[in-house]
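Structure first, then comments.
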2 protein chains.
Amino acid sequence: MRLNQATDYAFRAVLHLSRLPRGKVVEARLIAEEEHIPMRFMLKILRLLSRAGIVESYRGVGGGYALAKSPAEITMKDVVEAVEGPVHINRCLIAPEECNKRNTAKCSVHKALYSIQQAINDKLKEYDFETLSKS
Amino acid sequence: MRLNQATDYAFRAVLHLSRLPRGKVVEARLIAEEEHIPMRFMLKILRLLSRAGIVESYRGVGGGYALAKSPAEITMKDVVEAVEGPVHINRCLIAPEECNKRNTAKCSVHKALYSIQQAINDKLKEYDFETLSKS
DNA sequence: TTTATACTATACTTGAATAGTATACTTTGG
DNA sequence: CCAAAGTATACTATTCAAGTATAGTATAAA
């Protein structure tokens, strides 16, 4: 059970932007270089963050990326969901028809997993990037 | 971020054994059939559970598997770790040399992930199979 | 003591996912 | 209009998950 590399890169990119003055626009190339992230992959991830409303992009000469809101309003949960979609700890919680018992609702293991999943989401929500950028 | 299929099967197998009278030995084939788990895969998983001291195996005619301890002493964490190894939410927490910032200890994101990982482990430990088998 | 049963060990296979790359295109400031 | 910077989409290589196969070992019972 692990977060993927793209999510890790996304954390770094958002943290990077959070440490800049509000509204500051920087090129993907610069973030990629400073955070040691492969450039093309960085662009791909930034597009995901952009689509999720976490960053804003500016095209053309002098373009780049900036945070779309204040760091305090961005949590680790937002970033995880932007990159890998919502956390689903067990496939049955997404697709009950795949549950080999066909009784997810009554299965105590799945109820427990659901509660664990909730705990993970709550915990991810606790961390915002203003706090992270200052600690 | 998700648990794998083998872990899901393992939960079912342990739950199955937990519902039987203490010490009762059943063949892998029966567990596999009743829980809709591919037989060969079930054997593989049961070996992992056996190696972790969660179940005991008996070879030869009349052999099979039984729990190695009482259901109350087996938690979801035990089963997860038996099948997929310890929970590591982010690769940097396992292999700091892979961290592209090379400063895991000082990185606030990694500290946050570590605390989330702890929370997951604590939560997994809360659920034992006696409780699960009765709810 | 042979035989059928049931677990063990290890290696193999297939398909999907991860991580990253490439090509062609669009927008924009100077 | 052109160079810089992001966008869209498709491709590739490697790894991992999930499952299968083959050969072997232990044991109860006939």
Side-chain angles (χ1 to χ4, degrees), chain A residues 1-13 17 24-33 35-52 54-66 68 80 83-85 88-92 94-95 98 100, chain B residues 1-13 17 24-33 35-52 54-68 80 83-85 88-92 94-95 98-100:
Chain A
M1 187 161 58
R2 117 172 357 169
L3 294 167
N4 62 29
Q5 187 63 56
T7 303
D8 194 60
Y9 289 156
F11 285 148
R12 290 171 204 290
L17 292 170
K24 169 81 175 173
V25 174
V26 296
E27 302 130 69
R29 188 181 52 77
L30 282 178
I31 307 176
E33 275 172 17
E35 303 296 339
H36 306 102
I37 300 168
M39 169 63 175
R40 301 310 244 144
F41 201 29
M42 177 83 280
L43 285 167
K44 196 182 209 170
I45 293 162
L46 283 165
R47 262 194 314 279
L48 292 170
L49 294 172
S50 170
R51 197 157 48 151
I54 293 169
V55 304
E56 270 169 352
S57 66
Y58 300 89
R59 296 168 73 150
V61 179
Y65 297 88
V80 169
V83 178
E84 26 186 289
H88 293 297
I89 228 182
N90 180 289
R91 74 198 58 211
C92 288
I94 327 170
E98 277 179 27
N100 49 7
Chain B
M1 187 161 58
R2 110 170 7 164
L3 294 168
N4 62 31
Q5 187 63 58
T7 303
D8 194 61
Y9 289 157
F11 286 147
R12 291 171 204 289
L17 292 171
K24 169 80 175 173
V25 174
V26 296
E27 302 131 68
R29 189 182 51 76
L30 282 178
I31 308 176
E33 276 172 15
E35 302 295 341
H36 308 101
I37 301 169
M39 169 62 175
R40 301 311 242 135
F41 202 27
M42 177 82 282
L43 285 167
K44 195 183 209 171
I45 293 161
L46 285 165
R47 253 182 337 265
L48 292 171
L49 294 172
S50 169
R51 196 157 48 152
I54 293 169
V55 304
E56 269 168 353
S57 66
Y58 300 90
R59 295 169 75 150
V61 179
Y65 296 88
L67 288 188
V80 169
V83 177
E84 25 185 291
H88 293 298
I89 229 182
N90 179 288
R91 74 196 59 210
C92 288
I94 328 168
E98 277 179 28
C99 181
N100 48 8

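Letters go in sequence order (proteins before strands), and every chain restarts at 1.
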Nearest-nucleotide wise, let me know which of A:Gly62 and B:Val26 is further upstream toward the 5' end of DNA chain C. B:Val26
Are B:Asp8 and B:Arg12 side-chain neighbours, meaning at least one heavy-atom pair lies under 4.5 Å? yes
Report yes if some heavy atom in the side chain of A:Phe11 is under 4.5 Å from a heavy atom in the side chain of A:Val80; otherwise report no. yes
Between D:dA18 (P) and B:Ile45 (CD1): distance, integer Å: 9 Å
How many Å lie between CG on B:Leu30 and P on C:dA6, as a whole number? 9 Å
Does any part of the side chain of B:Leu43, heavy atoms only, come nearer than 4.5 Å to the side chain of B:Arg47, both counted from C-beta? yes
Do B:Tyr58 and B:Tyr65 have ring centroids that are under 6.0 Å from one another? no
Integer-rounded Å distance: D:dA5 P and A:Arg59 CZ: 14 Å
For A:Gly63, report the nucleic acid contact type (base, sugar-phosphate, nothing); a contact means any heavy atom under 4.0 Å. sugar-phosphate
With a 4.5 Å heavy-atom cut-off, do A:Ile89 and B:Arg2 have their side chains touching? no
In whole angstrom, give the distance that lies between atom CG of B:Leu48 and atom P of D:dA17. 12 Å
Per atom distances to the B:Arg47 side chain, the nearest of C:dA9, C:dT26, C:dC7 is C:dA9
Using only atom types and a distance under 3.5 Å, with no angle test, would you say the side chain of A:Glu84 pairs donor to acceptor with the backbone of A:Leu3? no
Figure out the CZ/C1' separation between A:Arg51 and D:dG6, and round it to whole Å. 15 Å
Scan nucleotides 18-21 of chain C against the protein and return all N/O pairs shorter than 3.5 Å with their distances rounded to 0.1 Å.
from, atom 1, to, atom 2, distance (Å)
C:dA19, OP1, A:Gln5, N, 3.2
C:dA19, OP1, B:Arg91, NH2, 2.8
C:dA19, OP2, A:Gln5, N, 3.1
C:dG20, OP2, A:Tyr9, OH, 3.4
C:dG20, N7, A:Lys44, NZ, 3.2
C:dG20, O6, A:Lys44, NZ, 2.7

In whole Å, I'd like the distance from the OH atom of A:Tyr58 to the P atom of D:dT7. 12 Å
Whole-Å distance between C:dC25 C1' and A:Leu43 CG? 14 Å
Could you tell me how far apart B:Arg2 (CZ) and D:dC16 (P) are, to the nearest whole angstrom? 18 Å
Got A:Thr7 and B:Asn90 here, is their nearest side-chain heavy-atom distance under 4.5 Å? no
For C:dT8, does OP1 or OP2 lie under 4.0 Å from any side-chain N or O of B:Ser57? yes
